[in-house]
Amino acid sequence: MISFSIYDYILIVVYFLAAIYIGFRTGKKDDTEENYLVMGRRLTLPAFVATLVSSFYGGVLGVGEFTYRYGISSWFLNAFPYYVFITIFAVFFAAKIRKTQLFTIPDKLNLVYGKKVSVFGAVMIFLLATPAPYLFMLGIITSMIFGFPMWLSMLLCLIISVVYLYKGGLNADVRVNIFEFVLMFLGFGIIIPFCFINLGSFEFLGANLPVDHLTVSGGHSAGYIIVWFFIGAWAIVDPAFHQRCYAAKSEKTAVKGVFISLIFWFIFDAMTTIAGLYSAAVLKDIPNPAMSYPLLAESILPAVAKGFFFIGLIATIMSTLHSYMFISASTLGKDIVNRIKGRGDDGNRFSKAGITTASVLSLVIALLVPSVVEIWYIVGSITIPSLLIAVVSSYFSALQIGRNWILSAMIVSFLFSFFWVIFRVGFIEPMYPGLVSGLAVYAAGYIIKEKDIA
């Protein structure tokens with residue numbers, strides 16, 4: 001379906017080898033918790049931006065799939081809402097997070113609300129941070145390139161992505177992210193000029209795209225649009241954001257880093273949206289829209305340029321895969337198993353063991369739910385409402401309520417959203433009942449707290 005020259009193969013293999021080398025080379029072995037989990041809190045501004053931008057943009061094939069199907073509404077649903085909540089995060093949370101001197105979101109929940117809330121929040125974060133969709137995307141691309149079976153492609157990508165994390169922790173993760181940050185912009189920076197030259201400018205898109213592809217709604221209902229807007233709140237509870245802020249050299253670095261990252265996301269979103277529109281205009285009725293970017297590259301890129309573009313795709317996805325794998329592992333090991341056992345000195349050991357467990361679970365999920373957008377939608381709908389209530393309130397003393405109340409709000413929120421997803425009740429999106437029910441319990445706890453104070 002897609003042909004590669006020997007030069008393309010060489011470039012792609014060199015990329016994988018270089019990523020492994022950088023991960024091991026810069027991954028300083030240090031078993032202290034502060035060094036392994038947050039780089040000793042010495043993350044500089046350039047490294048902060050590079051690692052945050054690359055680690056939070058792994059869903060590039062999902063963006064291509066959404067843009068191919070629905071046009072510019074992909075930007076309106078999958079980019080703009082995040083800009084809003086990322087701005088909120090930078091203004092209200094980034095400095096507060098760095099100031100805490102903690103390691104993870106569950107650490108904050110434990111400090112404010114205690115062990116039960118912390119462990120339940122950690123379970124939600126573990127689900128939210130699943131690297132399964134990114135593993136699935138990498139499997140698609142590597143299977144396409146090398147002709148391996150899908151399961152073998154995912155397994156090989158998994159090994160390459162996590163092998164250096166055992167030794168180097170966040171330091172290895174960040175250094176590889178910096179390398180991948182450059183490559184992701186290089187890849188799309190190559191394909192867009194070829195689109196303009198070979199296909200035509202924006203007039204070509206206007207003449208060859210369906211009308212709905214050029215509207216912000218993309219033909220979606222208002223309810224569907226609003227739920228995707230609230231999924232943008234993912235940024236506030238995303239553990240990668242918090243982890244980078246914990247690791248930053250200072251509060252100022254954290255705040256500036258998030259704002260600068262927002263500029264780079266805007267640029268990259270523009271590039272991926274334009275490429276997606278060209279794929280929709282050129283490629284008609286392809287069976288798997290997640291293949292839109294690779295097929296566009298096949299149709300217009302020559303050898304070598306194609307190799308660099310595919311490296312850009314792989315780097316974009318792999319950067320998120322190993323970053324979220326590390327978060328999943330530390331959440332499972334440190335924040336769930338270690339906290340339940342009550343052994344505060346074994347966090348690193350359990351985090352390293354969690355890498356293997358999280359890897360196996362992500363592989364299983366990727367095989368069972370082979371749709372990037374569906375995984376995002378389901379996981380975001382059932383976890384974000386629950387986490388928002390707890391995380392936001394934990395950083396503002398005026399919003400904090402009793403431990404049992406906040407735990408009840410989180411559980412109720414999760415269960416309502418979960419069962420709404422399972423049973424597909426009516427036409428209401430599952431995030432709404434989860435958010436409303438959780439906020440209702442939270443409000444009851446807040447009212448009672450106010451009465452007690454009065």
Side-chain angles (χ1 to χ4, degrees), residues 20 23-24 27 29 31 33 35-38 55 58 103-107 109-110 115-116 118-139 150-173 176 237-240 242-243 317-370 375-376 378-380 382-383 386-387 414 418:
I20 295 173
F24 276 109
K29 187 175 182 179
D31 288 332
E33 193 170 49
N35 277 296
Y36 188 72
L37 295 179
V38 292
S55 66
F103 299 99
T104 64
I105 293 174
D107 279 346
L109 296 180
N110 184 64
K115 179 178 177 179
K116 292 181 181 179
S118 173
V119 172
F120 187 80
V123 173
M124 296 294 98
I125 290 168
F126 181 75
L127 294 174
L128 184 69
T130 176
Y134 313 107
L135 181 59
F136 175 70
M137 284 184 280
L138 267 184
M150 185 67 173
W151 68 269
L152 180 58
S153 295
M154 288 195 289
L155 180 61
L156 291 174
C157 290
L158 196 56
I159 294 171
I160 293 172
S161 298
V162 305
V163 64
Y164 44 78
L165 296 179
Y166 287 95
K167 173 190 174 185
L170 183 62
N171 188 32
D173 181 28
V176 179
V237 298
D238 186 271
H242 287 249
Q243 184 186 54
I317 302 167
M318 189 167 159
S319 61
T320 307
L321 174 59
H322 57 76
S323 293
Y324 277 72
M325 184 60 71
F326 184 64
I327 290 168
S328 293
S330 60
T331 300
L332 179 62
K334 176 187 181 298
D335 295 318
I336 298 177
V337 176
N338 196 46
R339 185 156 278 135
I340 290 174
K341 286 179 173 289
R343 301 178 64 179
D345 58 340
D346 283 337
N348 281 3
R349 182 167 67 86
F350 285 117
S351 294
K352 291 178 180 180
I355 293 174
T356 302
T357 305
S359 296
V360 172
L361 288 174
S362 64
L363 183 60
V364 171
I365 293 172
L367 291 170
L368 293 178
V369 189
I375 294 175
W376 283 344
I378 292 174
V379 171
I382 67 177
T383 61
S386 177
L387 284 170
F414 170 75
F418 178 76

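This chain uses plain numbering: 1 for the first residue, then up along the sequence.
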| side-chain contact (heavy atoms from CB on, under 4.5 Å) between Phe24 and Val163, worked out | CA-CA 9 Å; Phe24 276 109; Val163 64; 3.8 Å; yes

| Under the side chain to side chain donor-acceptor pair (under 3.5 Å) criterion, do Tyr324 and Asp238 qualify, and how do the steps go? | CA-CA 10 Å; Tyr324 277 72; Asp238 186 271; 2.6 Å; yes

| request: Run the numbers on Phe414 and Val123 for side-chain contact (heavy atoms from CB on, under 4.5 Å), then give the verdict. | output: CA-CA 11 Å; Phe414 170 75; Val123 173; over 6 Å; no

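Two rings, from Phe326 and Tyr36, have their centers less than 6.0 Å apart.
No side-chain donor-acceptor contact under 3.5 Å links Ser323 to the backbone of Ser55. The main-chain N or O of Ala122 is never found under 3.5 Å from a side-chain atom of Thr331 such that the two would form a donor-acceptor pair. Side-chain N or O atoms of Ser362 include one that pairs as donor or acceptor with a backbone N or O of Ser359 at under 3.5 Å.
Heavy-atom minimum distance, Leu321 versus Ser161: CD2-OG, 3.2 Å. Of all heavy-atom pairs between Leu37 and Leu170, the closest is O-CD2, 3.3 Å. The nearest pair of heavy atoms linking Val162 to Met325 is CG1-CG, 3.4 Å. Here the closest heavy-atom approach between residue Ala358 and residue Ala329 is recorded as CB-N, 4.2 Å. For the residue pair Thr383 and Val379, the shortest heavy atom distance occurs at OG1-O, 2.7 Å. Closest approach of Val38 to Gln243, counting heavy atoms only: CG1-O, 4.4 Å.
The structure places NE2 of His242 at 10.5 Å from CD1 of Ile327, a figure rounded to the nearest 0.5 Å. To the nearest 0.5 Å, atom CD of residue Glu33 and atom OG of residue Ser330 are 9.5 Å apart. Here the CD1-OG1 distance, from Ile125 to Thr130, works out to 14.0 Å after rounding to the nearest 0.5 Å. One finds the CG atom of Leu135 at 12.5 Å from the OG1 atom of Thr320 (value rounded to the nearest 0.5 Å). Atom NE2 of His322 sits about 13.0 Å away from atom OH of Tyr134, to the nearest 0.5 Å. Atom CG in Leu156 sits 11.0 Å away from atom CG in Leu138 (nearest 0.5 Å).
The closest side-chain heavy-atom distance from Met124 to Leu128 is not below 4.5 Å. Side-chain contact between Asn171 and Asn35: absent, with no pair of heavy atoms (C-beta onward) separated by less than 4.5 Å. You'll find the side chain of Lys334 reaches within 4.5 Å of the side chain of Asp107, heavy atoms only.
Tested against Asp335, the residues Pro239, Ser118, Pro106 include a single side chain to side chain contact (heavy atoms under 4.5 Å, CB included) partner, Pro106.
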